[in-house]
Every structure is written in C-alpha cells, then in structure tokens.
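Let me begin by presenting the structure, written as structure tokens, before commenting on it.
A, B, ... follow the sequence lines: proteins, then strands. Residue 1 opens every chain. If you're wondering where the values come from, they're calculated on a predicted model, not measured in any experiment.
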Amino acid sequence: MGSGLLSWLRRPGWLRRGADGLVPWLIPVALVVAWEIAARTGLIATRTLPAPSAVLVAGWESLLSGALLHHVWISTERALVGLAIGGSIGFALGVVNGAFAFAERLSDSSLQMLRNVPHLAIIPMVILWFGIDEEAKIFLVAIGVFFPIYMNTFHGIRTVDRGLIEMGRLYGLSSGALFWRVVLPGAMHSILIGIRYELGIMWLTLIVAETISASAGIGYMTMNAREFLQTDVVVLGIIIYALLGKLADALTRAVEVRALAWHPAYQRHVEGIAA
Amino acid sequence: MSLSALARRDAAETLEPIASPQIQPVGDRRGIAVALDGLTKSFGDREVLRRLDLRIAPGEFVAIVGRSGGGKSTLLRLLAGLETPSNGTIRLDGAALSGLTPDVRMLFQDARLLPWQRVVDNVGIARGKDWRARALESLQDVGLADRAGEWPSVLSGGQRQRVALARALVSRPRLLLLDEPFGALDALTRLDMQKLLSTIWARDGFTTVLITHDVREAVTLADRVLVLRDGAIACDRRVLVPRPRPVDDPQVLRLEKELLAAV
C-alpha cells in the first residue's frame, strides 16, 4: 500500500494531474453506480426513485421534443432578469452606503430590518401585488439576490485600506480614478463572495417561485411531472437545477481568477503555467 | 555650488532664499524652501505641535528624531497637505501651502502599493503624459526596471519600498517627506535603502525631511538633525562630517550621544 502510493506519487506530472482531476468525481460516480444497482435490483421502487438511466432517458426525450430547452430557457431568463435588477440595486446601494457615512446612517438600519425578513415569507404579498405572472418571480429573485450583494459590497468598500486611499489622494487621483483604481478593486474580493452567495439564492428563490405558480420553467416541469407520477422527470428537474447552479458558480470562479489575479491566493495558476 | 555646500550655508543666509534667483532659477527642479511659522496642531484638547518655527533651505536634508507621540508624523502630514494646521502657516518657496501638490511627495512606513496593479502601473499611478516611460525611468533609478511587470505581492519588503520611492520620484518632487520608510526593513536592506536615497538625493537635490526613530540613521544621512519633543523642537544640530560618514567617526559618535540625550 505504502509503496503503491509512493509509485503513484512518482508518476509523470501530466498523469498525476490527470488523476488529480478525477478525484472530485469519485464520490458522485460511486453514488450514481450504487443508485443504478439499487434501482435495477428493486431495492428502491421506481415510484420512489427512478434509476439514473431512466432519468437520462427522460432527459434525452425531453431534449429531443424541445421541452427541456424551453423550460431551462424560461427559468434562466427569469433568473438573469431578477439578478440584473436586484444585483445592480444592491451593488449601487452598497457602494453609496460604503462610501458616504450619511447615506449609511440614512438607509442602513432600514435595510438591516428588511434583511431579517426571509424573502420567501413575502410570497403571499407578492402574489397579491403581481398575481402569478413573470413579475412576481422576477421580483422575488431580485429581492433575494439584493441583500448578499448589498452586504458584501458595503463591507468590501468599508474595509478598503485607508492608507491606500490616502496615498491615492496624495498622488492627486480624482474621485473617479480613486473609485475605479483604488476602492473598487480593493472591494472586489468581498463583492465576488457576495455574487457567489447571490447566485445560490437566485436559484433557490426561483425553484420556490416556479413551484408555486408557473406555466413554464423547470419548477413548473417538475410540478407537472409530479401530477403524472413521472418521478424520472422530477429527478431530472432537480439535476438541471444542480447543473445550472454549478455552472453559475464555475463562471464566478473564472471571473474571480481573472479579477483577483493579483491576489497571492490566486497566483498558483500563473506559477503552474510558468513551471 | 554643490548641494551639500548649499545646505551647509549659514542658517541666517538661508532664511530668505526665495527671492534669490541664483538659488532658485525659474523652471529649475531643485529643492523647495520650507518655512513654518507658529505652526500649531491640536486634536481635540491635545496639542500635538506647539508654535513651531522652522526654516529648511532648498535641497537640505533634514532628519527629525523623537519619541513616538512627539508630533513627528503630524508635522510630516501637515507638510504633505494631508492635515490642516490649527494655527500658524506653512510656506513652500514663500507661497502658503494649500492642500496637495505634485511638488511634495511622501513615503510611508508601509509601501502602500496597490496590490492589484503591476509595479509599473503603481509607479505611474498619477498617470499624465508619457507616464509609462517616466515610470520605467524612475524604476531604473531604483534598480527595479526588470520587475516592472510583476505584482507587488511577489516583491520583498525592501523592493516594495524601492517601488514606493520610484513612485514618489516620478513627478520630480521638490520636497520629499519620509515617514520612517525603512523602519520595517532588516538591517542590511536598510543600509541599501539609505545608500540609494542618499545617491538619488545628491543627484536630484530635492529638499528632504526624514522621520526616524534611529538616531544613527539620522546622523548618517542628514545635513541637519532635529529632535522633536512634546510638540516643540528640543534640539537642532548640523552634521558637518563629509559624506560618506564612517559610523566610528568621533564627531558622528559625539553627535549621536548628544541627540540621544535630547530625545
């Protein structure tokens, strides 16, 4: 065992890196295999949980009929519109409150009060206001994503090194230059954390909103499938959510690696290429 | 006339250098004359500087030593235009100091480089015409031209301070303020930095005010050493030993002793 590990460590770099890349997949693959076996041998009833292969078939059929893409597109559109609205308002307020003490005094305590209301608790209110149309879902997503981006932008701007701001002033930077070249990059790490939280909340809110009332979207697809006991489609919907969430997270990671290339924690990649 | 000779001239003669065209010709980028009159700064009830009068000749290298809380940093921040006096005046070449000016640059104890900008972009932070070329030239002066494309985080502490020095020199300042810039460096790097600063000062001739808690550093580098105690000048000595100054020079040692007693 010991010598096996040693020889594995001594393998050529590319092979080890390839093997390294597979490590995160070991557990998911093992789970799926176990699940398939359990479903095929009847250990789990198909009514409870269909086999992964059945889910795959359902996905394939849905893809061929165009229904899957339609639902995914509708959901993504809602998510992005809500994100754009809630995210930009949260970002703007975070910047203003982070930069100006008076703005913070004026609005921060109100915002903190609102923040402590779970946004999903206002669903009945939202339905009364907007009915069950698109606006209701977009509104919920916007409210949901608003707070993480607000909090993290605010915190990021507040904690920018005062010494750097003073240095910028000393070197005659205009307020605009000071914001774009000193304050915003200094807050970026925190803002990106806010965006990652925000994306998680975005999908969560959307799932709930679409499950309550919708005539299209992944949430609708799964609720509809439930009525016809199509467990494979229900599982498919859950997996699509997982994939979309993972995709959004990967995109943010990519942005992070680019935007924070200066950060020592992100320089491993650069060294890896150079070596 | 050499700069050190200029600085070594009688204090009385350097009191009114402003009008004298031989010393400060128009367009010359040499040092600026500093005049403080009754300079007072209080924070709340606490008077940090008390009616300070001081003349610094153009191109003079002044070191200020003193215990922490003695008002050294406050004095420097006032000269930089980062603070406003509670009372009294600061004049640079006879004109009242009004806020920040590119003629005055300051080095802090920490280098204060923007970690998200490459070295050259940090040096050229004030931008302006041909900033990149000027930044590279300045980096050349501090011996770091080959590190222009690096992130500041990969540099050592001494290198970061050199980048900060290059950044301060880009605008060809006429007054350079140094707030214990070598305090956090190891002994060898410190000596290197002192040598570098001396060389550049001798070449460019800007007026320099260095704050340090290290009396030896003050005596090695400066034309004149002031001791600031309780917001007032407790001691004002010229260092007449020619440079480079051996640390075991009897005059240097005597001066060191005297200053230590005054601190």
Review point. So which part of B:Arg105 gets closer than 4.5 Å to some heavy atom of chain A, the side chain, the backbone, both or neither?
Key: side chain
Exercise for review: Write out, in numerical order, the residues from residues 166-203 of chain A with a heavy atom short of 4.5 Å from a heavy atom in chain B.
Suggested key: A:Glu166, A:Met167, A:Arg169, A:Leu170, A:Tyr171, A:Leu173, A:Arg181, A:Val182, A:Pro185, A:Gly186
Check your understanding: Is A:Glu134 salt-bridged to A:Arg78, cutoff N-O under 4.0 Å?
Key -> yes
Exercise for review: Please list all pairs passing the salt bridge (charged side-chain N to carboxylate O under 4.0 Å, His left out) test where one or both residues lie in residues 97-122 of chain A, with sequence neighbours left out.
Suggested key: A:Glu104-A:Arg158
**Study point:** Heavy-atom neighbours of A:Leu22 CG exceed 12 at 6.0 Å
**Key:** yes
Revision key, fill the gap. Ranking B:Thr101, B:Ile125, B:Asp110, B:Val170 by heavy-atom pairs under 4.5 Å to chain A gives rank one to B:Ile125
Review point. Do B:Trp116 side-chain atoms and A:Ala261 backbone N/O form a donor-acceptor pair below 3.5 Å?
Key: no
Revision key, fill the gap. Of the listed B:Arg118, B:Arg112, B:Met106, the one with the largest count of heavy-atom pairs under 4.5 Å with chain A is B:Arg112
**Study point:** Pair B:Arg172 + B:Asp103, salt bridge at N-O below 4.0 Å
**Key:** no
Practice item. Tell me, yes or no, whether the heavy-atom count around B:Arg67 atom CZ, taken from other residues, nucleotides or ligands under 6.0 Å, exceeds 12. Key: no
Practice item. Look at atom CZ of B:Phe43 and say whether more than 12 heavy atoms of other residues, nucleotides or ligands are closer to it than 6.0 Å. Key: yes
